[in-house]
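Everything below concerns the one structure shown next.
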Amino acid sequence: MIRSELIQKLADENPHLYQRDVEKIVNTIFEEITGAMARGERVELRGFGAFSVKKRDERTGRNPRTGESVQVDEKHVPFFKTGKLLRDRLNGN
């Protein structure tokens, strides 16, 4: 599902809301999650999962085409851990 499909589904399920308002709500939620992660904070949505940021240390990698060693800088990457309710639902429990 992509963002526009999510917005459309929510608008269809909530006919009392204008689609532009649903779009603002969805965009605000994503902006808040992104902003919190950019500040290094963890975002937990109970039953769904938790978003956090993990640090990957600097390392020496290898160019697969040439086999040459390449220095890979330290970086921060998003991480998502599913919640118990989501895991149970995916596994049919």
Side-chain angles (χ1 to χ4, degrees):
M1 175 179 284
I2 59 174
R3 183 186 300 230
S4 60
E5 291 172 341
L6 174 62
I7 292 167
Q8 187 60 53
K9 184 163 178 60
L10 290 173
D12 291 345
E13 290 179 5
N14 296 282
H16 60 285
L17 297 174
Y18 292 111
Q19 182 159 347
R20 66 178 184 267
D21 293 336
V22 173
E23 188 172 353
K24 285 180 188 175
I25 292 167
V26 169
N27 289 337
T28 300
I29 290 169
F30 287 138
E31 287 169 11
E32 288 300 317
I33 291 171
T34 302
M37 290 176 66
R39 294 187 300 272
E41 298 172 4
R42 181 173 184 265
V43 177
E44 182 178 338
L45 303 172
R46 296 275 168 139
F48 182 71
F51 298 90
S52 60
V53 178
K54 293 208 178 225
K55 179 182 151 197
R56 290 207 179 142
D57 293 329
E58 183 177 294
R59 64 184 172 83
T60 302
R62 195 163 296 289
N63 182 329
R65 187 171 292 176
T66 64
E68 177 184 349
S69 291
V70 180
Q71 193 61 30
V72 179
D73 294 334
E74 166 188 292
K75 60 183 165 182
H76 293 86
V77 295
F79 179 76
F80 178 74
K81 181 177 181 187
T82 59
K84 185 177 183 327
L85 291 175
L86 177 58
R87 258 192 326 272
D88 288 349
R89 186 162 182 188
L90 293 175
N91 291 309
N93 297 336

Hydrophobic cluster membership, with links at side-chain heavy-atom distances under 4.5 Å among I/L/V/M/F/W/Y: are Ile25 and Ile33 in one?
yes

Under a 4.0 Å threshold between the charged nitrogen and the carboxylate oxygen, would Glu5 count as salt-bridged to Lys9?
no

Distance (rounded to the nearest 0.5 Å) between Glu41 CD and Phe51 CZ
14.5 Å

Specify the closest pair of heavy atoms between Thr60 and Gln71, including all atoms of both residues, with the distance to one decimal.
OG1-OE1, 3.3 Å

Out of curiosity, does Val53 fall in the hydrophobic cluster containing Val72 (side-chain heavy atoms, cut-off under 4.5 Å, transitive links)?
no

From CG (Asn63) to OG1 (Thr66), nearest 0.5 Å:
3.5 Å

Under 3.5 Å, is there a donor-acceptor pair between the side chain of Arg59 and the main chain of Asp73?
no

What distance do Leu86 atom CG and Leu45 atom CG have between them, rounded to the nearest 0.5 Å?
11.0 Å

Let me check something: do Leu10 and Met1 share a hydrophobic cluster, defined by ILVMFWY side-chain heavy atoms less than 4.5 Å apart, either directly or through other members?
yes

I would like to know whether Lys55 and Glu74 meet salt bridge (Lys or Arg N to Asp or Glu O under 4.0 Å); could you show each step before the answer?
CA-CA 7 Å; Lys55 179 182 151 197; Glu74 166 188 292; 3.5 Å; yes

Stepwise, does the side chain to side chain contact (heavy atoms under 4.5 Å, CB included) test hold for Val26 with Arg3?
CA-CA 8 Å; Val26 169; Arg3 183 186 300 230; 4.3 Å; yes

Indicate whether the side chain of Asp12 and that of Gln8 have a donor and an acceptor atom separated by less than 3.5 Å.
yes

State whether the number of non-hydrogen atoms from other residues, nucleotides or ligands found under 6.0 Å of Glu32 atom CD is greater than 12.
no

For Tyr18, does the OH atom sit with more than 12 other heavy atoms under 6.0 Å from it, leaving out its own atoms?
no

What is the distance from atom OG1 of Thr82 to atom CG of Asn91, rounded to the nearest 0.5 Å?
9.0 Å

Before giving the answer on side chain to side chain contact (heavy atoms under 4.5 Å, CB included), spell out for Phe80 and Val43 the whole-Å C-alpha distance, their side-chain angles and the decisive distance to 0.1 Å.
CA-CA 10 Å; Phe80 178 74; Val43 177; over 6 Å; no

Does Arg46, at its CZ atom, have more than 12 non-hydrogen atoms belonging to other residues, nucleotides or ligands within less than 6.0 Å?
no

Report, as yes or no, whether the 6.0 Å neighbourhood of atom CZ on Arg87 holds more than 12 heavy atoms from other residues, nucleotides or ligands.
yes

Show the nearest heavy-atom pair for residues Ser69 and Arg62, with the distance to one decimal.
OG-NH1, 3.4 Å

Ile7 side chain near Gln19 side chain, heavy-atom distance below 4.5 Å
yes

Examine distances only and state if a side-chain atom of Asn14 and a backbone atom of His16 form a donor-acceptor pair shorter than 3.5 Å.
no

So do Lys81 and Ser52 actually touch side chain to side chain, heavy atoms under 4.5 Å?
no

Find the distance between CD (Glu23) and OG1 (Thr28) and round it off to the nearest 0.5 Å.
10.5 Å

